[in-house]
Every structure is written in structure tokens, then in C-alpha cells.
Amino acid sequence: MATSISATGFKGSLCSSFHGSWGTSMAGEDYAMLARSVPNHVRVGKPVRARPMMKNVNEGKGLFAPIVVVTRNIIGKKRFNQIRGKAIALHSQVITEFCKSIGADQKQRQGLIRLAKKNGEFLGFLA
């Protein structure tokens, strides 16, 4: 006993049909075989994300970039990054003291530090 249902009338005369039986069900060996072929659980792996790159957009550009690159090559990357870190910390302290002297609040101080970082990138100090 097979039943056929078709739906038409869509744009472009798209046709879909179903051929099957409404009255039968799977029983016995067919059901057991189907149950064994379907996995009990599905593993979903974590999505692979690329690590964010903290890279200077103006790397190799800027007025002071050639001097910075030559200095880094002469003294080595590790020592250069130590000196750079100390210079950045010292500059942040100078900005903080300046903000204290003029009475600027914390938000303005953070804005000045961000501006100093952008200017350093633009001039090539962070190349």
C-alpha cells in the first residue's frame, strides 16, 4: 500500500513528491540493523581560531623605523624588548605625573597613554 503526494503550483513549476507508506513501521531485524548503524553520540570538535596577531600596522614605516630595526638587530631581540619595555614604562610615568600636575582624571590619562602609543606606532618607534 503506497501513497504518493505531490505539491505543485510554485513559480517555475517546482515539483516535489513523497513516495512512502504511512501505515508501515520498522520492526525486527531492520530496526536493529538501523539502530546499530547510527552512532550513540556525535563528537563536535572545538572550532579552530587563529591566534590574534599583535602586530604594528605601520611596521617598517615611520621616521624612526630604520633606526629601531638596526638597533634591534645589533643588540638582539630579547635585550631590545627589555629596553623598550623600560622606556614605555618610564614614558607612562611621565604622562601620569603630568596628569597629576594639571589635575586630569584617570580617563584623560588613559587617553593620553593611548595617544602616545598611536604616535609611537606612526613615528616608527614600535617597528
Side-chain angles (χ1 to χ4, degrees):
M1 178 164 108
T3 306
S4 176
I5 300 172
S6 70
T8 60
F10 292 101
K11 245 183 186 177
S13 69
L14 180 67
C15 183
S16 170
S17 59
F18 166 76
H19 301 285
S21 173
W22 295 100
T24 62
S25 64
M26 281 189 146
E29 292 179 22
D30 291 337
Y31 178 77
M33 184 179 70
L34 181 63
R36 279 186 298 235
S37 68
V38 176
N40 291 340
H41 63 282
V42 177
R43 284 187 157 195
V44 178
K46 291 183 179 179
V48 178
R49 286 182 48 190
R51 293 190 66 186
M53 296 277 294
M54 298 292 290
K55 208 165 187 176
N56 184 0
V57 182
N58 297 318
E59 187 165 356
K61 301 176 185 172
L63 182 64
F64 297 100
I67 298 168
V68 170
V69 171
V70 168
T71 305
R72 181 178 55 213
N73 291 340
I74 291 172
I75 66 173
K77 201 170 190 176
K78 185 177 178 182
R79 180 74 179 133
F80 178 78
N81 285 336
Q82 290 173 343
I83 294 170
R84 176 187 278 171
K86 288 178 184 178
I88 291 171
L90 182 63
H91 193 234
S92 294
Q93 287 175 357
V94 169
I95 292 172
T96 301
E97 290 300 318
F98 173 75
C99 289
K100 283 181 184 177
S101 69
I102 65 168
D105 64 348
Q106 187 71 15
K107 195 170 187 177
Q108 290 172 326
R109 184 183 76 81
Q110 287 176 345
L112 286 174
I113 290 174
R114 284 193 190 104
L115 180 63
K117 183 175 186 259
K118 283 183 184 177
N119 286 338
E121 288 174 353
F122 179 73
L123 291 173
F125 287 119
L126 300 178

(message) Filter on ring-ring contact (aromatic ring centres under 6.0 Å, His included), then keep only pairs touching residues 82-109, sequence neighbours left out; what's left?
(response) none
(request) Evaluate the side-chain proximity of Leu126 to Arg84: yes if any heavy-atom separation is below 4.5 Å, no if none is. (result) yes
(message) Let me check something: do Leu123 and Ile67 share a hydrophobic cluster, defined by ILVMFWY side-chain heavy atoms less than 4.5 Å apart, either directly or through other members?
(response) yes
(request) Can you tell me which residue pairs pass the side-chain hydrogen bond (donor to acceptor under 3.5 Å, both in side chains) test with a partner in residues 97-115, sequence neighbours excluded? (result) Thr96-Arg109
(request) Not counting sequence neighbours, which residues clear side chain to side chain contact (heavy atoms under 4.5 Å, CB included) with Ile75? List them please. (result) Thr71, Arg79, Phe80, Ile83
(message) Give me the atom names and distance for the closest heavy-atom approach of Val68 to Gly124.
(response) CG2-O, 3.5 Å
(request) Any chance you could measure Ile113, atom CD1, to Ile88, atom CD1, to the nearest 0.5 Å? (result) 11.0 Å
(message) I'd like to know if Ile95 and Leu90 are part of one continuous hydrophobic network [Ile/Leu/Val/Met/Phe/Trp/Tyr, side-chain heavy atoms within less than 4.5 Å].
(response) no
